[in-house]
Amino acid sequence: MASLVKRYQEGPFHLIYGDCQRIGKEKMMDYMKTQGFSDDLKNFTLSQFPSHPEVKGNGHVPYYMVFDHTGKLRYDHMCGQYHGGDGMKCIEWVDTLVAEVPAIYFGEEDFKLHTELVKELETGENLAKGVKKVETALDEAETGSDSEAELTRIYAVLTSFRDNELARIENLRASDPEIVLDELKDLESRLKGTTLGEAVSAREEELSKSDDHKAERKIGDKFNKYKEKLDDETLSEKQRYKLLGQAAKALRKLTDDHPDLPISKTVEAWLTENRAPEE
Amino acid sequence: MLIRTLTMCLMLVAFAAAASAQAYDKDGSIDDLKLGEYFWGDEVTLEDLEQKVVLVQIAGL
């Protein structure tokens with residue numbers, strides 16, 4: 001399961017791992033850590049076992065349910081060696097269903113008048129061209145017409161896509177601020193020449209001139225380099241502790257001047273968690 | 001000729017039976033999923049799971 005979650009760290013996938021045998025949080029966490037799960041991993045949740053009205057009578061027997069991106073239950077299966085099941089088939093299901101997810105999801109309601117345009121936009125490719133078509137068509141559409149209603153719906157989805165991308169990039173300031181401007185430039189280029197893209201250009205210009213952002217790029221760059229060095233499994237405990245001390249000194253020199261930046265808080269939490277020596 | 005036709009019919013019936021055995025007959029939605037008490041990882045709501053493929057793996061150790 002951990003390798004599946006790792007494979008889809010940036011993908012539209014989430015694993016809910018439910019304890020069905022009342023084993024308890026601590027023992028389950030310990031077990032999952034031995035299987036490759038960690039605090040750094042996203043897109044998974046460990047919980048007490050969830051339930052669904054369509055999947056009944058399984059009691060405390062291992063089983064799985066898989067839902068597609070539209071929320072539809074596509075399969076459930078009682079698995080485990082004692083029940084003749086094939087628990088690992090869930091991996092095939094996940095791969096199949098993730099491949100079905102469009103780059104931009106327009107919902108299940110049909111677009112009768114602009115089907116082809118939506119099919120183009122769903123792929124996420126040549127986005128600027130597609131968005132421009134929608135913007136132009138909206139300007140020219142007759143007020144109150146069915147076409148205008150559909151185009152408005154399409155544009156709302158595109159706006160959500162842009163806003164979600166901006167939010168995703170904004171969140172990177174807490175972990176990888178040194179790539180934020182590149183991500184914004186990439187999104188700007190995908191929406192080049194469109195009204196939708198103007199907010200992206202504005203944010204890119206704002207951050208590129210910001211002294212705070214210059215500081216967080218510097219901190220992020222140093223932080224991620226130290227993390228990479230500390231990931232070296234050939235380091236002895238003594239070497240690791242020494243390197244951690246160097247990291248703490250170098251990073252705190254930068255974060256002390258900017259304690260409120262998202263990356264500074266991440267650095268401090270990481271130094272505490274790794275028991276970096278205090279000066 | 002008759003035997004050949006009968007054989008083909010039997011094969012078609014077997015194929016249909018196999019195909020229908022593989023069809024999934026439940027009509028469920030993630031909206032009806034009741035999440036259990038959170039322990040570890042991402043603390044999510046059903047809204048957070050929208051537009052994602054969700055695997056709910058119920059197991060023990």
Side-chain angles (χ1 to χ4, degrees), chain A residues 1 4 8 11-25 27-29 31-32 37 39 41-55 58 60-76 79-80 87 90-91 93-94 97-98 100-101 105, chain B:
Chain A
M1 285 297 111
L4 187 64
Y8 291 117
F13 169 68
H14 197 91
L15 169 70
I16 296 179
Y17 199 95
D19 171 12
C20 72
Q21 293 171 346
R22 302 194 191 284
I23 288 158
K25 175 183 169 180
K27 282 185 180 168
M28 285 298 292
M29 277 177 68
Y31 168 70
M32 287 180 78
F37 287 88
D39 290 318
L41 220 52
K42 53 185 183 183
N43 292 351
F44 86 93
T45 306
L46 171 65
S47 70
Q48 194 63 265
F49 73 96
S51 61
H52 194 283
E54 284 289 328
V55 182
N58 291 309
H60 300 290
V61 171
Y63 64 98
Y64 69 82
M65 301 177 250
V66 63
F67 299 86
D68 66 21
H69 69 282
T70 71
K72 187 176 165 56
L73 175 65
R74 295 285 287 269
Y75 200 61
D76 73 274
C79 41
C90 64
I91 296 174
W93 267 107
V94 169
L97 295 181
V98 168
E100 285 179 10
V101 181
Y105 178 55
Chain B
M1 179 69 179
L2 179 63
I3 292 171
R4 204 169 153 195
T5 307
L6 279 172
T7 307
M8 282 194 65
C9 285
L10 280 169
M11 281 172 67
L12 276 169
V13 167
F15 176 79
S20 69
Q22 289 171 20
Y24 187 60
D25 58 356
K26 292 179 186 172
D27 184 23
S29 164
I30 200 167
D31 294 337
D32 296 320
L33 183 68
K34 197 173 164 189
L35 295 171
E37 180 196 341
Y38 167 77
F39 286 167
W40 186 39
D42 298 336
E43 192 167 3
V44 294
T45 60
L46 291 182
E47 206 181 314
D48 296 325
L49 299 174
E50 280 176 10
Q51 297 181 39
K52 289 190 178 187
V53 171
V54 179
L55 172 62
V56 180
Q57 178 84 24
I58 313 293
L61 295 182

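No hydrogens, no waters, no symmetry mates; every other heavy atom, side chains included, goes into these values. Small disclaimer: the values here were computed from a predicted structure and weren't measured. Proteins get letters first, then strands, A, B, ... in listed order; numbering begins at 1 in each.
- Scanning both residues, A/P50 and B/I58, for their nearest heavy atoms gives CD-CD1, 3.3 Å.
- In this structure, A/H52 and B/V56 have side chains that are not in contact, with every pair of non-hydrogen atoms separated by 4.5 Å or more.
- Pairing each heavy atom of A/S47 with each of B/G36, the nearest pair is CB-O, 3.9 Å.
- With chain B as the partner, the residue from A/W93, A/F44, A/F37, A/Y105 showing the most heavy-atom pairs under 4.5 Å is A/F44.
- Proximity to chain A at a heavy-atom threshold of 4.5 Å picks out B/D42, B/V44, B/L49 from residues 42-50 of chain B, in numerical order.
- By the ring pair (Phe, Tyr, Trp, His ring centres under 6.0 Å) test, A/Y8 is found to be paired with A/F13, residues two or more places apart in sequence or in another chain being considered.
- For chain B, the option among A/L4, A/D39, A/T70 with the highest count of heavy-atom pairs below 4.5 Å is A/D39.
- Inter-residue side-chain proximity for A/Y64 and B/L55 is flagged as met; some heavy-atom pair is nearer than 4.5 Å.
- Listed by first and then second residue, the salt bridge (charged side-chain N to carboxylate O under 4.0 Å, His left out) pairs involving residues 26-35 of chain B are A/K72-B/D27, A/D76-B/K26 (not counting sequence neighbours).
- The two residues A/K25 and B/F39 make their nearest non-hydrogen contact at CE-O, 3.3 Å.
- A/V101 meets the side chain to side chain contact (heavy atoms under 4.5 Å, CB included) test with A/P12, A/H69, B/V53; sequence neighbours excluded.
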